[in-house]
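If you're wondering where the values come from, they're calculated on a predicted model, not measured in any experiment.
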Amino acid sequence: IEIGEADFNAFEKRLAEVQAAYSAEDIARLRRLATPEVVSYFAEELSANASRGVVNTISDIKLLQGDLAEAWREGDTEYASVAMRYASLDYTAERDSGRLVEGDKQPFERTEIWTFRRSRGGEWMLSAVQQA
């Protein structure tokens, strides 16, 4: 399938939306942005954080580079895997005190492979994330 500028803009928008929803622990919003499998994984992480009494904050996301790894179609479903190199603040703090337990409040750069899927002509949804 052909992936154009509008698709890359959608991927960048999804990156920010998913990270913001995750940071806000907003499962309902994540359900609108990602597949049930991804939401289940995120929900497990958020539940584990809550059990530990911590919250993971991800903010100030800036996409530095997005490269298409592959794009394909299976029936009426289209997929695109994109290497997303981005910078963000990413830290974990105690819920009550705000004391940092992981990370710091400095921008951190990472690269992840995000796979998106959509019904032909529909909205892209996050369907997988893997470390590069």
Asker: Flag yes if more than 12 heavy atoms outside Asp104 fall under 6.0 Å of its CG atom; otherwise flag no.
Answerer: yes
Asker: Between atom CG of Asp60 and atom CG of Leu89, what is the distance when rounded to the nearest 0.5 Å?
Answerer: 4.5 Å
Asker: Using a 4.5 Å cut-off between side-chain heavy atoms of Ile, Leu, Val, Met, Phe, Trp and Tyr, which other residues end up in the same hydrophobic cluster as Leu64?
Answerer: none
Asker: Do Glu123 and Arg32 meet the salt-bridge criterion of a basic N to acidic O distance under 4.0 Å?
Answerer: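 No, no charged N to carboxylate O under 4.0 Å.
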Asker: Just so I know, are the side chains of Leu15 and Leu63 near enough to count as touching, which here means a heavy-atom distance under 4.5 Å?
Answerer: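 Leu15 reaches Leu63 side chain to side chain.
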Asker: Applying side chain to side chain donor-acceptor pair (under 3.5 Å), name anything that partners Glu109, two or more places apart in sequence or on another chain.
Answerer: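 Result, side chain to side chain donor-acceptor pair (under 3.5 Å) vs Glu109: Arg85.
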Asker: Whether Glu25 and Arg95 form a salt bridge (side-chain N of Lys/Arg under 4.0 Å from carboxylate O of Asp/Glu) is what I want to check.
Answerer: yes
Asker: Looking at Ile58 and Ser23, what are the two nearest heavy atoms and their distance?
Answerer: N-OG, 3.1 Å
Asker: Do Tyr22 and Glu45 pair up side chain to side chain, a donor and an acceptor below 3.5 Å, judged on atom types alone?
Answerer: yes
Asker: Kindly compute the distance separating OG1 (Thr111) from CE (Met84), expressed to the nearest 0.5 Å.
Answerer: 10.5 Å
Asker: Just how far is it from atom CD of Gln131 to atom CD1 of Ile113, taken to the nearest 0.5 Å?
Answerer: 9.5 Å
Asker: Check whether any side-chain heavy atom of Ile3 sits under 4.5 Å from a side-chain heavy atom of Phe8, and report yes or no.
Answerer: yes
Asker: Anything under 30° is parallel, anything over 60° is perpendicular, the rest tilted; go ahead and classify Trp114 against Phe116.
Answerer: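 Geometry flag for Phe116 against Trp114: tilted rings.
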Asker: Please report the shortest heavy-atom distance between Leu100 and Gly103, naming the atom on each side.
Answerer: CD1-O, 4.1 Å
Asker: Which residues pass the side chain to side chain contact (heavy atoms under 4.5 Å, CB included) test with Arg117, sequence neighbours left out?
Answerer: Thr35, Thr77, Tyr79, Ser127
Asker: Which atoms form the tightest heavy-atom contact between Arg29 and Ala20, and what is the distance?
Answerer: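 It is NH1-CB, 4.0 Å.
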Asker: Is there a path of hydrophobic side-chain contacts, each under 4.5 Å between heavy atoms of I, L, V, M, F, W or Y residues, that connects Val129 with Met125?
Answerer: no
Asker: When you check the side-chain N and O atoms of Trp72 and Glu74, is any donor under 3.5 Å from an acceptor?
Answerer: yes
Asker: Provide the closest heavy-atom pair for Ile1 versus Ala71 in the form atom of the first, atom of the second, distance.
Answerer: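 Heavy-atom minimum between the residues: CG1-CB, 3.6 Å.
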Asker: How long is the straight-line distance from CZ of Arg52 back to CD of Glu94, given to the nearest 0.5 Å?
Answerer: 10.0 Å
Asker: Would you say Val55 ends up clustered with Val18 if hydrophobic residues are merged whenever their side chains have heavy atoms under 4.5 Å apart, either directly or through other cluster members?
Answerer: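 No: no chain of side-chain contacts under 4.5 Å links Val18 to Val55.
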Asker: Taking the side chain as every heavy atom from C-beta outward, state whether Ile27 and Leu46 have any atom pair closer than 4.5 Å.
Answerer: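 Yes, side chains in contact.
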Asker: Which heavy atom of Ala128 sits nearest a heavy atom of Val38, and at what distance?
Answerer: N-CG2, 3.7 Å
Asker: State, without any angle test, whether Ser47 and Glu44 hold a side-chain donor-acceptor pair at a distance under 3.5 Å.
Answerer: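 Note: Ser47 and Glu44 side chains miss the donor-acceptor criterion.
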Asker: Can you confirm whether the side chains of Gln65 and Tyr86 place a donor and an acceptor under 3.5 Å from each other?
Answerer: no
Asker: Applying side chain to side chain contact (heavy atoms under 4.5 Å, CB included) to Thr57 and Asp90, what does each step give before you reach the verdict?
Answerer: CA-CA 6 Å; Thr57 300; Asp90 186 351; over 6 Å; no
Asker: Should Phe42 and Leu126 count as side-chain neighbours, where that means a heavy-atom distance under 4.5 Å?
Answerer: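 Yes - at least one pair of side-chain heavy atoms lies under 4.5 Å apart.
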Asker: Rounded to the nearest 0.5 Å, how far does CG of Leu30 lie from OG of Ser40?
Answerer: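 Spacing of OG (Ser40) from CG (Leu30) equals 11.5 Å.
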Asker: CG/Asp7 to CD/Glu78 distance, rounded to the nearest 0.5 angstrom?
Answerer: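 Rounded to the nearest 0.5 Å, the CG-CD separation comes to 8.0 Å.
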Asker: Which pair of non-hydrogen atoms, one from Ala80 and one from Phe11, has the smallest distance, and what is that distance?
Answerer: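 Minimum heavy-atom separation between Ala80 and Phe11: CB-CZ, 3.7 Å.
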Asker: Between the side chain of Arg120 and the main-chain N/O of Gly75, is any donor-acceptor distance below 3.5 Å?
Answerer: yes
